[in-house]
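First the proteins, then the strands, lettered A, B, ... as listed; each starts at 1.
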Protein chains: 2
Amino acid sequence: MHKTLPLPPLTAIRVFEAVARHGSFTKAATELGTTQAAVSYQIKVLEDRVGAPLFLRRPRQIALTEVGQRLAPAVTQAFEQLSEAYVTARGGAQGTLVISTIATFASNWLARRLGSFQIAHPSLAVRLQTEPHLVDFSREEVDIGIRSGRGDWPGLVAHRLINADFTPMLSPNLAASIGGVKEPADLLRLPLLDPGDPWWAKWFAAANVPAEGLSSRPGASMGAQAYEGNAATAGQGVAILTPAFFAAELADGRLVQPFDLLCNDDHAYWLVYPETRRNSPKISAFRQWILGEIGVSSR
Amino acid sequence: MHKTLPLPPLTAIRVFEAVARHGSFTKAATELGTTQAAVSYQIKVLEDRVGAPLFLRRPRQIALTEVGQRLAPAVTQAFEQLSEAYVTARGGAQGTLVISTIATFASNWLARRLGSFQIAHPSLAVRLQTEPHLVDFSREEVDIGIRSGRGDWPGLVAHRLINADFTPMLSPNLAASIGGVKEPADLLRLPLLDPGDPWWAKWFAAANVPAEGLSSRPGASMGAQAYEGNAATAGQGVAILTPAFFAAELADGRLVQPFDLLCNDDHAYWLVYPETRRNSPKISAFRQWILGEIGVSSR
DNA sequence: TACCATGCATAAGGCCATTTAATGCATAAG
DNA sequence: CTTATGCATTAAATGGCCTTATGCATGGTA
């Protein structure tokens, strides 16, 4: 077993490296953005530690001693390696954006638009992972999250993206099958998708339609808007959905929203990330992009 | 031209290296001889600089992030290189002792005894260089000097080795050739080596012998005691020499010192080295050795 | 389930390493 | 001989870093 010799102060080594490279205290000071006196001091510190002079002080010029000559190349190399590793790490840190979100948002909103972000930031690799729970940024390697909630997470910055509004939606054909949906109560004559969803009760209450025993009605509980939206588009029933997630279907007529009445249960979808990383370039880039997208789509 | 990205604080990098190696803030703190809080602080500093977390904080355990994984090996390697270079430089600095002295001292005193120093310090390589002038330690790569003078050099430590006493010496045969040298004036009947040397005038004055026109007497001016000593041993004349330099010749009878009268001109031989290097191991070793030798030989 | 041990985060405060500014000194250049 | 360059040195100011103390979350244990 051998005891490791403690390294001399790294500041001194860094200064030495610069001096050795320039062959001048003054020039090294300039490169390091410090004063010649500080350089002189640090070299003295290092010489004390090494136990021998590192430079010969000739008038208007210094020269490495043998000891200095042996030390300098290795030190320079070590610093180059450090610098390279740091730059690489920093680059890598900025080159991949990991997004954690929930399946609904990913498939109904993000998937369609993410391409424009990647085109705008070709050097950024995006890794999209869908997870059921809000990620813990201190434990998982995730840059940003998109989650529903109230926007009050401690330590996190949260930007409201879209409200979790909901309203019934169905295919035009299904509506026509009963001669059109004129008033809320008409919906009860059609199969409801996932009738046990509390959103139904809430919406019918807001519409002043008595609707008991909803949960006992037949209907599959699929639990994710994406699936229910597909089912509704296929004409299998009426779904209660968030319009913002089905802007495309509404625009091209695959789905219709028979009533303007929107409900919401106080939740919204939020973009979240740690406060401490507010200024990370890739996070800023994504924030700027997604808020822009929201602005566009809500017009 | 590319602008070099300034490295993050090296303290933080060093701490990171230890943490990455141990996989623990606490253990790294122990290795570094500091507190866990300091480690936590430095890691945070570095994470700010890199722009991304380097560790995932799992309960009772941390793990490197991808960025951290990319950074860690290179950093460890760089520090190993630094450490190795430092140890090597330090070893080299302590492994060679450069002595600058004058020819007389080297040949008449040092050469005979240096062997015992090298035996006592087999790992120390000794480089002996003879130069006419007192070396400037800040300009020449020299560890210690041996010079004559008054011992009052600013910035240097000076140990008095031997006094530059002088007294006439000659071979026993030469003395016998005139029936023995009984009193100082007898010397004037023999050839003097380098009669122009001011030492002769000084010594005869001290001996109360009138001796004018010494410099006009024939005789070679060799200027170095070593040569004059040899000439005297060979019986070519009387030399005025420093007894300490000819202890061996006096001991075995090759030379005799006819009179006890010693003169000196206020000079002495000194061991000198920079004050700042007083504690350098190799300098201490040499100082201890040579002062010991002086003690022995002056007994 | 309650309690204890482990490990990292955070806040406040102090200290010392480092820096700066000013000056001196030696030498080379003009 | 004068000027310019470059390093050394000093004292004083600064702030980065460390320490102490405490909190928080988790995992192990009775």
Side-chain angles (χ1 to χ4, degrees), chain A residues 6-16 18-20 22-49 53-65 68 134 136-140 153-156 274-277, chain B residues 6-16 18-20 22-49 53-65 68 134 136-140 153-156 274-277:
Chain A
L7 281 176
L10 292 169
T11 311
I13 299 188
R14 169 153 64 178
V15 170
F16 167 74
V19 173
H22 284 104
S24 158
F25 285 28
T26 306
K27 285 179 190 156
T30 305
E31 167 178 316
L32 297 170
T34 182
T35 60
Q36 171 266 321
V39 171
S40 179
Y41 170 82
Q42 293 293 349
I43 295 298
K44 179 183 290 260
V45 166
L46 187 57
E47 287 180 329
D48 280 354
R49 283 300 199 92
L54 296 168
F55 296 97
L56 300 173
R57 274 74 165 179
R58 306 253 176 70
R60 305 173 71 96
Q61 181 186 350
I62 58 173
L64 281 165
T65 61
L134 174 56
D136 181 339
F137 288 96
S138 70
R139 284 184 213 184
E140 304 291 333
W153 294 284
L156 301 183
E275 279 169 0
T276 55
R277 302 198 58 204
Chain B
L7 280 176
L10 292 168
T11 311
I13 299 188
R14 169 153 62 178
V15 170
F16 167 74
V19 173
H22 284 104
S24 156
F25 284 29
T26 306
K27 283 179 190 156
T30 304
E31 168 178 315
L32 298 169
T34 181
T35 60
Q36 170 267 321
V39 171
S40 179
Y41 169 82
Q42 294 294 350
I43 294 298
K44 179 182 290 257
V45 166
L46 188 57
E47 287 179 332
D48 279 352
R49 286 300 200 95
L54 296 168
F55 295 98
L56 299 174
R57 274 69 166 182
R58 305 257 177 69
R60 306 174 73 97
Q61 180 185 352
I62 58 173
L64 282 165
T65 61
L134 175 56
D136 181 338
F137 289 96
S138 70
R139 285 184 212 185
E140 305 291 333
W153 294 283
L156 301 182
E275 280 170 0
T276 55
R277 303 199 57 205

> Expressed as a whole number of angstroms, how long is the span from A/Ile62:CD1 to C/dA26:C1'?
16 Å
> Determine the interplanar angle of the A/Phe16 and A/Phe55 rings, folded into 0 to 90°, and report it as parallel if under 30°, tilted if 30 to 60°, perpendicular if over 60°.
tilted
> With the side chain counted from C-beta on, respond yes when B/Ile62 and B/Leu56 share a heavy-atom pair under 4.5 Å apart, and no when they do not.
no
> Are there runs of at least three consecutive Watson-Crick or G-U pairs touching DNA chain C, with each pair's two distances under 3.5 angstrom? Give them by first number.
C:1-30 with D:1-30
> Please examine the side chains of B/Thr11 and A/Leu10, heavy atoms only from C-beta on, and report whether any two atoms are closer than 4.5 Å.
no
> Quickly work out the B/Arg57 CZ to C/dG7 C1' distance and round it to whole Å.
12 Å
> Compare all side-chain heavy atoms of A/Thr26 with those of A/Gln36 and state whether any distance is below 4.5 angstrom.
yes
> Under a 4.5 Å cut-off applied to non-hydrogen side-chain atoms, are B/Val45 and B/Pro9 in contact?
yes
> Could you check how far OH of A/Tyr41 sits from C1' of D/dA13, rounded to whole Å?
14 Å
> Assign each of B/Asp136 and B/Ser24 to its nearest nucleotide of DNA chain C by heavy atoms, then name whichever residue's nucleotide is nearer the 5' end.
B/Ser24
> Let me spell it out: for each of A/Pro59 and A/Lys44, pick the nucleotide of DNA chain D with the closest heavy atom. Which residue's pick is nearer the 5' end?
A/Pro59
> Heavy atoms from C-beta onward define the side chain here; which of C/dT19, D/dT19, C/dG7 lies closest to that of B/Ala37?
D/dT19
> To the nearest Å, give me how far apart CZ (B/Arg14) and P (C/dA17) are.
14 Å
> Are any of A/Arg139's side-chain N or O atoms less than 4.0 Å away from OP1 or OP2 of D/dT26?
yes
> With the side chain of A/Arg60 defined as its heavy atoms from C-beta on, choose the nearest nucleotide among D/dT19, C/dT20, D/dG6.
D/dG6
> Can you confirm whether B/Val19 sits close enough to B/Ser24 that some side-chain heavy atom of one is under 4.5 Å from a side-chain heavy atom of the other?
no
> Taking OP1 and OP2 of C/dT20, is either one under 4.0 Å from a side-chain nitrogen or oxygen of A/Thr34?
yes
> Taking 4.0 angstrom as the limit, do B/Glu31 and B/Arg14 come out as a salt bridge?
no
> Please give, in whole Å, the distance from C/dT18 P to A/Asp48 CG?
12 Å
> For C/dG7, take OP1 and OP2 only and decide whether either is under 4.0 Å from a side-chain N or O of B/Lys27.
no
> Quick one, B/Pro53 and A/Arg277 - any side-chain contact, counting heavy atoms below 4.5 Å?
yes
> Between P on D/dT9 and CD on A/Glu47, what's the gap in Å once rounded to a whole number?
10 Å
> Rounding to an integer number of Å, can you tell me how far B/Ile43 CD1 sits from D/dC17 P?
13 Å
> For B/Phe25 and C/dT6, what is the distance between atoms CZ and C1' respectively, to the nearest whole Å?
15 Å
> Is B/Gln42 near enough to D/dG16 that one of its side-chain N or O atoms lies under 4.0 angstrom from OP1 or OP2?
no
> Examine D/dA8: is either OP1 or OP2 under 4.0 Å from a nitrogen or oxygen in the side chain of A/Ser40? Give yes or no.
yes
> When the nearest nucleotide of DNA chain D is assigned to B/Gly33 and to A/Gln36 on a heavy-atom basis, which residue is associated with the more 5' position?
A/Gln36
> Side-chain N or O of A/Thr26 versus OP1/OP2 of D/dG6: is the shortest distance under 4.0 Å?
no
